[in-house]
Asks: 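My questions all concern the structure below.
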Amino acid sequence: MPAPDAPIALAVHGGAGVIDALAPDQEQAIHAALAQALDAGHAVLQRGGAALDAVQAAVVALEEAPWFNAGHGAVFTAQGDHELDAALMEGRTRRAGAVAGVRTVRNPVQLARAVMEHSPHVLLVGPGAERFADGQPGIARVDNAWFDTPARLAQLQRAQAEEREGAAAAGRYFGTVGAVALDRHGHLAAGTSTGGMTNKRWGRVGDSPLIGAGTWADGQVAVSATGWGEAFIRCAAAHDIAARVAYGGASVGEAADAVIFGTLPALGGDGGAIAVDAQGRLALPFNTAGMYRGWIDRDGRRGTAIFEA
Ligand code: ASP
């Protein structure tokens with residue numbers, strides 16, 4: 001049994017990027033959704049549960065909320081439908097599971113967990129991942145249109161209009177969700193779930209389901225990233241944060257800042273990350289206008305925020 005006073009800590013994000021002007025009731029609803037995800041994850045940690053279960057519970061709560069680009073509320077592809085990606089990683093064992101391009105799985109993070117526990121693989125994609133889901137009784141399935149929301153459709157239409165005019169590149173709208181946790185046993189886990197980038201095509205997969213790019217956990221650090229996935233992939237962002245701690249002796253805050261404010265913008269990338277270390281120290285840096293985020297630190301202090309504090 002772990003010591004009842006062993007530290008626990010949790011952070012969640014609902015994406016970073018250009019955040020459209022929010023009506024006050026919308027802003028309130030987003031804070032409430034972040035708080036609900038924190039509650040879901042923290043309840044697991046408080047009863048001595050595993051960081052992996054806490055992360056999964058928090059990510060499922062965010063997938064269910066319409067405000068974020070994951071599960072219900074995911075962005076639209078260029079074809080006007082949804083392809084979802086998710087990953088989970090357990091630090092102590094380095095076990096990991098991930099899915100990409102799934103279309104009928106209500107909570108992709110649960111399928112990622114099933115890949116980790118019930119397959120010999122780490123990452124399953126597209127129709128193969130769907131076939132795997134067919135054999136997993138606990139995985140809820142929905143019609144692809146279940147992920148639709150009017151706000152995301154409007155974003156797609158705007159992105160496509162801009163594209164026709166040769167203006168901004170598609171995909172300004174982020175909103176991926178993620179969670180990182182430290183449990184009372186001293187174990188870490190990370191999870192991330194996303195619809196990817198608005199107007200994506202050709203089976204595009206971002207950083208979220210790629211272990212080491214958008215999601216990572218080892219014995220010392222757990223990381224979930226959000227932002228322009230291509231840049232996160234090109235600098236193995238989540239793993240780089242952990243490596244700076246492991247090999248460079250950086251604190252989790254220094255390591256996360258170095259990647260989010262240094263390596264990533266040097267590649268033209270924007271976004272943010274949440275990270276926690278084995279002592280329960282949290283880091284939530286972002287180089288964008290905002291990042292939906294929430295935390296409960298090792299002293300039990302909690303908060304949610306959207307823009308710069
Ligand atoms: N990183 C995600 C992707 O590129 C998008 C996001 O964070 O919103 O798929």
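All ligand and atom numbering here is 1-based and tracks the order in the structure. Please read these numbers as outputs of a predicted model, since none were measured by experiment.
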Asks: Just how far is it from atom NE2 of H121 to atom CE of M116, taken to the nearest 0.5 Å?
Replies: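 These two atoms lie 15.5 Å from each other.
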Asks: Between ligand 1 and E230, is the shortest N or O to N or O distance under 3.5 Å?
Replies: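 N/O-N/O distance under 3.5 Å: no.
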Asks: Aromatic rings F68 and Y292: how do their planes relate, parallel, tilted or perpendicular, breaks at 30° and 60°?
Replies: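 If you compare the ring of F68 with that of Y292, the planes turn out perpendicular.
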Asks: Taking the basic N atoms (NZ, or NE/NH1/NH2) and the acidic carboxylate oxygens, is any pair closer than 4.0 Å for E117 and R113?
Replies: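 Result for this pair is yes, salt bridge flagged.
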Asks: Just to check, does R204 reach to within less than 4.0 Å of ligand 1 when the distance is taken from its heavy atoms?
Replies: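 Yes, R204 has a heavy atom closer than 4.0 Å to ligand 1.
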Asks: Would M197 count as a polar contact of ligand 1, with the cut-off being nitrogen or oxygen pairs under 3.5 Å?
Replies: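 Min N/O separation from ligand 1 is not below 3.5 Å for M197.
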Asks: List ligand 1 atoms under 4.0 Å from D207, heavy atoms only on the residue side.
Replies: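 Listed by number with element, the hits are 1 (N), 2 (C), 3 (C), 4 (O).
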Asks: Measure from atom 2 (C) of ligand 1 to every heavy atom in G227, A231, G271 and give the option owning the shortest one.
Replies: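 Considering heavy atoms of G227, A231, G271, the nearest to atom 2 (C) of ligand 1 sits in G227.
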Asks: Apply side chain to side chain donor-acceptor pair (under 3.5 Å) to D218 and W216, showing your working.
Replies: CA-CA 7 Å; D218 57 27; W216 178 262; 3.0 Å; yes
Asks: Of D183, L10, I296, I8, which is the lone residue that meets side-chain contact (heavy atoms from CB on, under 4.5 Å) with Q46?
Replies: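 Only match with Q46 under side-chain contact (heavy atoms from CB on, under 4.5 Å): I8.
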Asks: Going by side chain to side chain contact (heavy atoms under 4.5 Å, CB included), name the residues that satisfy it together with A140, two or more places apart in sequence or in a different chain.
Replies: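 A140: side chain to side chain contact (heavy atoms under 4.5 Å, CB included) contacts with R106.
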Asks: Please classify the S208 to ligand 1 contact at 4.0 Å (heavy-atom distances, strictly less than): side chain, backbone, both or neither.
Replies: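 Just the side chain.
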Asks: I'd like to know if G175 contacts ligand 1, where contact means a heavy-atom distance under 4.0 Å to any ligand atom.
Replies: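 For ligand 1, residue contact (heavy atoms, under 4.0 Å) with G175 is present.
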Asks: Return yes when G214 approaches ligand 1 closer than 4.0 angstrom through a heavy atom, no otherwise.
Replies: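 No, G214 has no heavy atoms under 4.0 Å from ligand 1.
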Asks: Run the side chain to side chain donor-acceptor pair (under 3.5 Å) test against E90 and tell me which residues pass, sequence neighbours left out.
Replies: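 E90 satisfies side chain to side chain donor-acceptor pair (under 3.5 Å) with T93, R95 once adjacent residues are dropped.
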Asks: In terms of atom number and element, which parts of ligand 1 are under 4.0 angstrom from non-hydrogen atoms of T226?
Replies: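 Under 4.0 Å from T226, ligand 1 has these atoms: 6 (C), 7 (O), 8 (O).
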